[in-house]
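A short write-up of the structure that comes next.
Each chain gets a letter, A, B and so on, in the order the sequences are listed, and its residues count up from 1. Values below: all heavy atoms of this structure, side chains included; hydrogens, waters and symmetry mates excluded.
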Amino acid sequence: MSAMAEERRQKHCSVVLPTESMKAMAESVGVGQLQEDSCVALSEEVSYRIKEIAQDALKFMHHGKRRKLTTSDIDNALKLKNVEPLYGFQSQEFIPFRFASGGGRELHFYEEKEVDLSDIINTPLPRVPLDVSLKAHWLSIEGMQPAIPENPPPATKEQQKVESTEPLKVVKPGQEEEGTIQGKGQGTTTPDGKGQCLEKGLIRLKPRSTHELSVEQQLYYKEITEACVGSCEAKRAEALQSIATDPGLYQMLPRFSTFISEGVRVNVVQNNLALLIYLMRMVKALMDNPTLYLEKYLHELIPAVVTCIVSKQLCLRPDVDNHWALRDFAARLMAQSCKTFSTTTNNIQSRITKTFTKSWLDDKTQWTTRYGCIAGLAELGPDVIKTLIIPRLAIEGARIKAVMEGPVISNIDKIGAEHVQSLLLKHCASVIAKLRSPPDNVEQYRTEYGYLGPMLCSHVMKARTQAALQAQQVNRTTLTITQPRPTLSVSQSGLSGSSGPRTPSIIKVPSSLTLMSPRPGTPSQPSPPATKYIVMATSAGAASTQQVILAQSLSHILDLHIGMIMCQI
Amino acid sequence: DTSLAKQKTDIKTEPSTDGFGNNNANDGRVLSASPGSGSSTGSNKQTAAVTPEDQQTLLAVLQFLKKNKLIESVEILRREAGLPENSLDPKATESAGAGSGGAAAVAEDQPDVRVVLSAYSQQGDPTLYEVYYSDLKKFIETVLDCHRAELSQVFYPLFVHMYLELVYNNHESEAKAFFEKFSGDQECYYEEDLRVLSGLTKKEHMRGNETLLDFRTSKFVLRISRDSYQLLKRHLQERQNNQIWNIIQEHLYIDIFDGMPRSKSQIDAMSGSLAGEAKREANKTKVYYGLLKEPEIELPLDDEDEEAENEEGKPKKKKPKKDSMGSKSKKQDPNAPSQNRIPLPELKDSDKLDKIMYMKEATKRIRLGSDNLPSVCFYTFLNAYQGLTAVDFTDDSSLIAGGFADSTVRVWSVTPKKLRKVKSAADLNLIDKESDDVLERIMDEKTASESKIMYGHSGPVYGISFSPDRNYLLSSSEDGTVRLWSLLTFTCLVAYKGHNYPVWDTQFSPYGYYFVSGGHDRVARLWATDHYQPLRIFSGHLADITCTRFHPNSNYVATGSSDRTIRVWDVLSGNCVRIFTGHKGPIHSLAFSPNGKFLASGATDGRVLLWDIGHGLMMGELKGHTDTIYSLRFSRDGEILASGSMDNTVRLWDVMKAFDDLETDDFTAATGHIHLQDNSQELLLGTYTTKSTPVIHLHFTRRNLLLAAGAFNP
């Protein structure tokens, strides 16, 4: 440690401004020829003074109760030395220097743009910043920290993970650090938990974890679950919002998980589409909550979700009810959980893929299940589509053809076949557009993909024109982009993979998606260029696309409502 | 009120005029430490050899003392230094002629600095410095373990002085080499100072560098046992290592004690300040830390109240509590100062009413302890844009005030009672002054609002404090002023000028009327609200005063500083009565325990230290925070200490246990060498993390609910 300190210190004392800087500064004030000696003397003196001012500025930062040094701190330090502060050098957030290099010289400079006064006069006034206000909350109640959104989550994801993966080690490092009291507040460990755990640790017994819920928690659980499956949509939205954002839910997680899995089990049998939709939305909300460690409950949640994708029948009247939307939604959930939870040890993605493929390949599979399998696979990304779906297009086409053009056996089969067809077209078109190069020949498509060929061809062409349009927009706007916002692009890329209007699906509000933690895409899914969303955030031309998206999601909501009304009729 | 102040000023003449403090603050800085060291008795080692340089320094000090009419100190210093009576006269007359005005004093001040610096001018072979130092290093590394830790203390001051000598004599490259070779050996808590030192490479830099002047003017104090000291002395004399011996003689003050050498941990606990440890004599003065007798106020027992208590079924608990309170106020504490040691304002009727309210509330107070923790209510300032710099609550927790970087002061009401201004003068004329509710009638209902903004400062507001009667608010700012605001009109009443540099903190006395302020100019000032000039100037810190606190009995003031020491000052005499060293970073928060016996301090090093004021001892160290501690507060009964920090946590500590656990015997009490246990984890009762809000203020309500405040920092 002392060696490190030494290293640091040596850095301190060696830092002196380069003489070139002195020259550059001299040039900037009109002194042309500066002697090397003067440069050295100047740079030493200037370095010393700068250090002195920086040390004083640090005082102002400390008294300002901040961790960031601001330009006003420097101003105040200059005032201490009776030096005129640098007026007009204000910045709220970051140091306003720009970096440039060229010709072997590196330069940091302050960009002063020429501003047209009329521009300033003509631009509408910015919104008045919000005024300071006070808000009170309970940080602790008799030693326990209440799990409310104002407080940080009582147990971080890491703690929850440690708890679930290493049950023998119950004295969690984080908790130990934070004292016994917090442990008390969390209810998972009894007040004298530490001692007990130590004893048990000695005899290597896995301690039984108790999941006692406080009265308030029980009440909350009751309210939330009732609202989630109740009839009032406003209440449901509120409840789902709570599940998606509240930090203190992890203790109730096992209950929620069981609630969902049991709910799906019962309602699939009863063909209650509405309830299944509600339960899937609960799953979505749980996945959106950044404080929950869901890995522990996947064994309950995944079967429920998969059920909603591939079940033979999900509603009472398969010919009228829009159960396809539920399958789509559940498939997307499945894809999302594959992306977030799949690891080399649990292999969720490959296991799911196998399951889907197996039942798709089965000739006896119903159209509904077939649809689910394809949707589930397609949502996993373009790579999966390329390797698993496209090779089977011809076979599947033949099967569809048999239903569509053959003797009418049942209306339900026909509807199913139609849905499968549009699903395949929707997902495959964009992938094929990337695989094949134009021109697109209908005959070629027919020979390659069979019955679906001609339709695919027109879809692919549509996809190409759309892509070209987008590319144009990107070209137009990238020049104005100064700060790309990676958070938006990464988190949305996965779900924005397919373009073009979707078939009816369940609510998809773009903003809520940012709650997902940005994770690197799995190798099976190279994230497509997320340009659309950058454009959305920065350029005016994008406003229209954003509106389109909004409109689209609005139509989804409408669809859903129609679906729900239909179910309820 | 004026008579009070007069009475007060009569007690002792002003130690210094305002002009001194303002016009040549530099002068004050250079020499401020000298009166302290000069007047302390028993510095017998100094007289050993008075070199010409020393004599010059002494003369400068004498001159300064004389200028400020500190006759007694002049006498003492002269006697101790063995200077003849007339030695001062030629120079003194000279300076009296030149230095009558403030501006002239500045000019005259220059030679003094040069004199001070010239003490480094003694030449030695620059190339041998490294040899001397490493020779000593080798010696200290080979001595017996028990002495090594003690002797290692000399490394840092020696290193600094040798480096400065090299720099002063223009041996730039040798200085650099010396620094690089040995700076790594120094204790890590000196890193901050070493950084300052590393920037200093030229003689020109030395002039006007405060750190350097501090180092030169104040002797670095070391406590070493007699055995270790003899060892060192013998070694240096054997080796004829005069260079080092001279530095030790001139720049170090070695406080020798008889007894066991201290261990490394004991030394580390006490060291870290800019100028070494406190001398033992510095903490020997008797401090009257007891509380003043509360005036007898009849507590009218409402029957309603009684019934309410009975309904709750706790009548038993209430009775003994009241008795204990009664007996406490009746008995005269032997450690308490006499009631009129400091003249205090008389109680007004409204104050008495407030006292009654206080006692009523106190009966409902929750007894806190390790198994009964307080609830914490957090007041978050939203949309403060990193600009919240100070917060205070009123004692009854009805108002909250915030100081902001944009130089505004804002007051909020946290009760349903809104803030109202007094009506205009014309409207006030129309009021029936005889009516019972005249106090209600003077308020202008139209101005009622939850918060009020007050403009007046021209820089960030760093300190803020409510008066105990809630009629006034003090704020101190970067602009060098302390302002007094009326909470009836929400306007500024007075701007107290004097500091001229940023004022980091201010606080009202618990009895009102007086207040203390401290800032960048290294002096703390005691003011009375009706005097535009300070009543006392507390001078002695070697760096910025960062926080100021009044003792509960209003007779003492504690100040924390960037020089990493805490000083306690006697308001009556203006003398420094305690110096506490041990922090390794600037101190940013102080808190007296409600019984007046203990002091808690928090610093940028993230540690809380506990002090026994009566004995002048460190009582404990509370480790846990990871960033600057901006707020400390004892619970109303003193059982629990709450600390709030930049690391976004509020922590609660069992200080009763800390005080009980400490084993002190006569020896440790006499020498101050305590063994601190590392039991922070046991004492930590709770940690409450906010989402992203640094905790900058804490306050216990009269019922022991903990209030915390800070600005959300997204």
Side-chain angles (χ1 to χ4, degrees), chain A residues 1-3 5-10 12-16 44-45 47-52 55-56 59-60 62-68 70 72 76 79-80 92 129-145 149-152 176-182 184-185 247, chain B residues 176 179-180 183-184 188 191 194-196 198-202 205 372-386 388-389 400 402 404-405 410 412 414 451 459-460 462 478 501-502 504 520 544 546 562 586 588 604 628 630 646 650 684-691 694 696 708:
Chain A
M1 202 188 112
S2 76
E6 197 172 349
E7 221 168 81
R8 249 180 297 143
R9 238 173 254 148
Q10 281 181 351
H12 299 318
C13 59
S14 61
V15 176
V16 171
E44 272 174 8
E45 178 69 17
S47 307
Y48 174 70
R49 297 296 163 198
I50 287 177
K51 279 177 196 167
E52 218 177 28
Q55 275 153 12
D56 279 343
K59 274 184 199 167
F60 286 94
H62 277 305
H63 285 283
K65 277 107 182 163
R66 276 174 282 116
R67 278 202 203 85
K68 261 185 217 163
T70 64
S72 62
N76 286 331
K79 263 161 92 182
L80 269 193
Q92 286 293 320
L130 291 170
D131 198 17
V132 187
S133 61
L134 263 183
K135 188 177 184 300
H137 75 270
W138 289 107
L139 185 68
S140 129
I141 296 169
E142 288 172 1
M144 297 183 197
Q145 192 160 27
E150 285 87 350
N151 287 330
E176 200 176 31
E177 216 174 71
E178 285 167 12
T180 49
I181 296 311
Q182 191 150 16
K184 220 191 270 183
Chain B
K176 212 168 200 172
F179 189 91
E180 269 167 31
S183 67
C188 55
E191 198 184 328
L194 288 176
R195 196 178 305 153
V196 176
S198 70
L200 195 134
T201 50
K202 291 213 179 309
H205 295 160
N372 197 7
L373 296 176
S375 298
V376 187
C377 178
F378 203 101
Y379 285 93
T380 312
F381 287 76
L382 300 170
N383 310 313
Y385 306 104
Q386 302 239 334
L388 182 73
T389 43
I400 180 169
F404 291 85
R410 291 169 193 246
W412 280 266
V414 289
S451 81
Y462 291 119
E478 183 270 340
Y501 286 100
W504 297 130
H520 177 71
D544 300 35
T546 46
S562 302
H588 273 274
T604 55
T628 309
Y630 279 117
M646 197 72 192
V650 173
L684 181 63
L685 295 176
T687 303
Y688 308 103
T689 314
T690 66
K691 255 187 169 168
I696 65 169

N/O donor-acceptor pair under 3.5 Å between A:Arg66 side chain and B:Thr389 backbone: no
Min side-chain heavy-atom separation A:Val132-B:Trp412 under 4.5 Å: yes
Contacting region of B:Thr380 [heavy-atom separation from chain A under 4.5 Å]: both
Minimum heavy-atom distance A:Gln145-B:Thr689, with the two atoms named: NE2-O, 2.9 Å
Which atoms of B:Pro460 approach chain A - backbone, side chain, both or neither, heavy atom under 4.5 Å: side chain
4.5 Å side-chain heavy-atom contact, B:Leu373 and A:Ser140: no
Max heavy-atom pair count under 4.5 Å with chain B, selected residue of A:Ile141, A:Leu134, A:Leu130: A:Leu134
From NZ (A:Lys59) to OG1 (B:Thr546), nearest 0.5 Å: 10.0 Å
4.5 Å side-chain heavy-atom contact, A:Leu80 and B:Pro502: yes
Pairwise side-chain contact, A:Tyr48 with B:Leu200, heavy-atom cut-off 4.5 Å (strictly under): yes
Stepwise side chain to side chain contact (heavy atoms under 4.5 Å, CB included) check, B:Arg410 with A:Asp131: CA-CA 12 Å; B:Arg410 291 169 193 246; A:Asp131 198 17; 3.1 Å; yes
Chain A contact via B:Ser451 - side chain, backbone, both or neither, heavy atoms under 4.5 Å: neither
Residues A:Lys79, B:Glu478: salt bridge by 4.0 Å N-O rule: yes
Reported NE2-to-NE2 distance for the pair A:His62 and B:His588, which is rounded to 0.5 angstrom: 5.5 Å
Heavy-atom proximity to chain A below 4.5 Å, by part of B:Leu388: backbone
From CH2 (B:Trp504) to NE2 (A:His63), nearest 0.5 Å: 4.5 Å
Heavy-atom side-chain contact between A:Lys65 and B:Ile696 under 4.5 Å: yes
Side chains of B:Arg195 and A:Lys51 in contact at under 4.5 Å (non-hydrogen atoms): no
Part of A:Arg49 within contact of chain B (heavy atom distance under 4.5 Å): side chain
Between B:Pro586, B:Pro374, B:Ala405, the one whose heavy-atom pairs under 4.5 Å with chain A are most numerous: B:Pro374
Residues B:Tyr688, A:Met144; criterion side chain to side chain contact (heavy atoms under 4.5 Å, CB included); working and verdict: CA-CA 9 Å; B:Tyr688 308 103; A:Met144 297 183 197; over 6 Å; no
Heavy-atom contact with chain A under 4.5 Å, split by part of B:Phe381: both
Presence of salt bridge, A:Glu150 and B:Lys691, under 4.0 angstrom: no
